[in-house]
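Each remark here refers to the structure printed beneath this line.
If you read the sequence from its start, that first residue is 1, and numbering goes on from there. This is a predicted model, so every value here is computed, not measured.
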Amino acid sequence: MTRPMPEEAQATSSAANQEAIDQAVMAELTTLYEKQSQRTGPVLGLVALLIGVAAWPRAPHWAVITWVLAEWLTLFIRRQGLKSLHRLSPDPRQRLRIAQALRGLHAMTNAASVLFFPFLSELGRTMVTLILAGLTTGAIGTSGGYLPVYLVYAVPVMGALMLGWALTPLHGEDQWLGQAMAPLILLFALIMVGLARDSFRTFRTSIAKRLDETQLNQQLRAALDQAEAANAAKTRFLASASHDLRQPLHSLSLFFATLRLQVSSADHVTLLGHIDQALHALQTQMNTLLDMSKLDAGMVHVDWQNIPLKPALEPLITAYLPIAHQKGVRLALHCPSDLVVSSDGQQLSRVLRNLLDNALKYTNHGHVLVDAQQQGDHIAVRVQDTGCGIAPNHHRQVFEEFFQVDNPERDRGRGLGLGLSIIRRLAPLLHIEIELQSTPDVGTTMTLRIPCGHGVGAARATPVLEDPPSMPMCHVLVLDDEAAVRAGMEALLKRMRCEVSLASCIDEAVALASLRPPDLLLADLRLRGRESGIQAVELLRRSHPNLPAIIITGDTAPNRLKQAESAGLPVLHKPVAAATLVAAIAACLESATPDAPSTLG
């Protein structure tokens, strides 16, 4: 069987489209006829009565009464028939034929009024003519201009009027006017037919456009659903991949921390330093993915403050000066000391850091200039570089996830391509407007318009670095379904002189806790099956009230992050650095209630 040629396929599609339009037109017409019969019936009944009154003085009374009753009966039959079209036949074509027959029946009774012409005065004939001509004109609207239905009314009525004027001459000198009425009525009828044809063409076109719009909306909805499904699938994939990668990385961090406590040789310490740098780079990239997930989950809360801008920018410039010097790039800051912005210090620092980091990554010569100045009720912060620049067609893409300009080899030294995407998510939260100006091979200027703060503000004191807290001696119950994580946690905690119990599921954790109550529970959020660390905490606290607990998770899925946050428990995200773990355990034990079970020491 041969495949249809493009022309054949196009013709088939066009025929199907025309058939769909025809079906819609017929359905719309039958609906129109049903509505119009309800609206015009009473008016047409009064018109029939008016014609009867005009004919009553001279025409036989029985003929007038018979005609008026016939007109009313016809209107009743027409109204009931059109009202029941959908029940009479499911076929639109058959319904139109019924409507055509009912319209023809009404036309015959209207045309019969011309039989009163011999009994009417010239004024009476003129009145009847105007009435019937008006009904013929109005029939264009009530029929939708559909010629088979319109003509079945217009031809009998206009034909009867022509015969009435031709066969009933006027008296006196105006006889020629009566003879001229027949061709005038014919001309009028032809004009009405043309108007009806144009009206139906417009009617059909409007329905075709409506169908096109409906089809287009359906296609747009389908495309939007596909895009949303693809985005959800991407989010699930990234969350799953991030979780699966964080698990071994977390184990590696624990084993590395344990090994570092045991090594003292200078050569080995240097080697461990290189390993530590590699782990730090991996942790940074993982945490960037976590930041994205927190933003998508709506878990970033803004703490509005009046922040002196220069003290906020200077530490960032200082931190990036070594990188700029290494690349031979001049890094400079121009910021008046009296500028104060209204923002969240931590999130604003993240935005500025990402901008500065992005500018230095793509600038290999020239300068990176950070300039700030007040513009009305906003502070404009410009980060200008002389880097590779961005082509106009990429200006939108640079704010998308994982997109990087001029990095086809995916050099990991340039990050994941999430910095500007994070800025795009944070900007609405901080009421920041972003403007991008860039020219390839010339450079890029990113402008942030930040709301002004109130008052002069005061620089925050630089925090004094303290020694990390020491690990308290305690009994820790570790609940994690990954054997490597349990082994790594056991090695590190025992090295820190803690007693450790290991469980891979909730039942094991409950059994171990019944034998020896723990001082602290470290539980993974996602366990095997449908179990979770939050469920474990709730169950263990039934027999060990106020048991201190910390949730450790490698999840970045927005719904799971919200679940962890809503539990009201301290949450650490894998991979967890040893110092962070020690500090969290110390803080958790310190904040525990006095009646918590304890075996310290």
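The two residues Ala48 and Val68 come nearest to each other via the heavy atoms O-CG2, 4.0 Å. Closest heavy-atom contact between Gln100 and Pro148: NE2-O, 3.1 Å. Ala154 and Thr136 make their closest contact through CB-CG2, 3.9 Å (heavy atoms, listed as atom of the first residue, atom of the second, distance). Of all non-hydrogen atoms in Ser143 and Tyr150, the two that sit nearest each other are OG-CB, 3.7 Å. Looking at every heavy atom in both residues, Ala196 comes nearest to Ile140 through CA-CG2, 3.9 Å. Contact between Pro156 and Ala111 at its shortest, heavy atoms only, is O-CB, 3.6 Å.
Contact annotation: the side chain of Leu163 never approaches that of Val114 to less than 4.5 Å [non-hydrogen atoms, C-beta and beyond]. Contact of the Gln374 side chain with the Cys452 side chain is registered, since non-hydrogen atoms from C-beta on lie closer than 4.5 Å. Counting heavy atoms from C-beta outward, Arg93 and Met26 have side chains that approach closer than 4.5 Å. In this structure the side chain of Val442 never reaches within 4.5 angstrom of the side chain of Thr386, judged on heavy atoms. Taking 4.5 Å as the limit, every side-chain heavy atom of Thr444 sits out of range of all side-chain heavy atoms of Gln437.
Here the straight-line distance linking atom OG1 of Thr445 with atom CG of Asp385 works out to 7.0 Å at 0.5 Å rounding. Distance check: Ile379 CD1 to Ile450 CD1 gives 8.0 Å after rounding to the nearest 0.5 Å. Note that CZ of Arg204 is 12.5 Å distant from OG1 of Thr202, once rounded to the nearest 0.5 Å. Here Thr447 contributes atom OG1 and Asp371 contributes atom CG; the two are 9.0 Å apart, rounded to the nearest 0.5 Å. Atom CE of Met162 is separated from atom OG1 of Thr129 by 12.5 Å, given to the nearest 0.5 angstrom. Taking CG from Leu102 and CD1 from Ile98, the interatomic distance works out to 7.5 Å, rounded to the nearest 0.5 Å.
When each of Leu352, Val341, Val351 is tested with Val381 by the rule side-chain contact (heavy atoms from CB on, under 4.5 Å), just one qualifies, namely Leu352.
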### Task
Begin with the C-alpha distance, continue with both residues' side-chain angles, and end with the deciding distance and a verdict on side-chain contact (heavy atoms from CB on, under 4.5 Å) for Arg449 and Gln375.
CA-CA 9 Å; Arg449 290 184 173 82; Gln375 294 181 347; 3.8 Å; yes

### Task
Please report the C-alpha distance between Tyr153 and Val149 in whole Å, then the side-chain angles of each, then the deciding distance to 0.1 Å, and finally whether the side-chain contact (heavy atoms from CB on, under 4.5 Å) criterion is met.
CA-CA 7 Å; Tyr153 178 85; Val149 174; over 6 Å; no

### Task
Step by step, work out the salt bridge (charged side-chain N to carboxylate O under 4.0 Å, His left out) result for Asp212 and Lys209.
CA-CA 5 Å; Asp212 289 342; Lys209 287 184 177 180; over 6 Å; no

### Task
Take Ile432 and Leu348 through the side-chain contact (heavy atoms from CB on, under 4.5 Å) test and state the conclusion after the steps.
CA-CA 10 Å; Ile432 293 177; Leu348 178 62; 4.2 Å; yes

### Message
Would Leu75 and His106 count as a side-chain contact (heavy atoms from CB on, under 4.5 Å) here? Give the steps.
### Response
CA-CA 7 Å; Leu75 289 173; His106 181 226; 3.5 Å; yes

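Ion pair Glu28/Arg210 flagged as a salt bridge, since at least one NZ, NE, NH1 or NH2 atom sits closer than 4.0 Å to an Asp/Glu carboxylate oxygen.
Between the side chain of Ser532 and the backbone N or O of Gln535, at least one donor-acceptor pair lies under 3.5 Å. Ser199 places no side-chain N or O within 3.5 Å of a backbone atom of Leu195 that could act as its donor or acceptor partner.
Using cut-offs of 30° and 60° on the angle between ring planes, the pair Trp67 and Phe116 is perpendicular.
Using modelled atom types, one finds no donor on one side chain facing an acceptor on the other under 3.5 Å when comparing Asn217 with Gln215. Judged purely by distance below 3.5 Å, without hydrogens or angles, the side chains of Arg97 and Gln94 pair a donor atom with an acceptor atom.
Val128 pairs by the side chain to side chain contact (heavy atoms under 4.5 Å, CB included) definition with Ile51, Ser113, Phe117, Leu120, Leu132, not counting sequence neighbours. Applying the ring pair (Phe, Tyr, Trp, His ring centres under 6.0 Å) criterion to Trp72, with sequence neighbours excluded, gives no partner residue. Taking the side chain to side chain contact (heavy atoms under 4.5 Å, CB included) definition, one finds that Leu151 meets it with Leu147, Val155, Val193, sequence neighbours left out. The ring pair (Phe, Tyr, Trp, His ring centres under 6.0 Å) check on Phe119 picks up nothing, with sequence neighbours excluded.
Taking a 6.0 Å sphere around CE of Met108, one finds it holds 12 or fewer heavy atoms contributed by other residues, nucleotides or ligands.
Residue pairs meeting the salt bridge (Lys or Arg N to Asp or Glu O under 4.0 Å) criterion with at least one partner in residues 60-79, sequence neighbours excluded, do not occur; the list is empty. Every pair passing ring-ring contact (aromatic ring centres under 6.0 Å, His included) that includes a residue from residues 184-206 is listed here, sequence neighbours excluded: Tyr146-Phe200.
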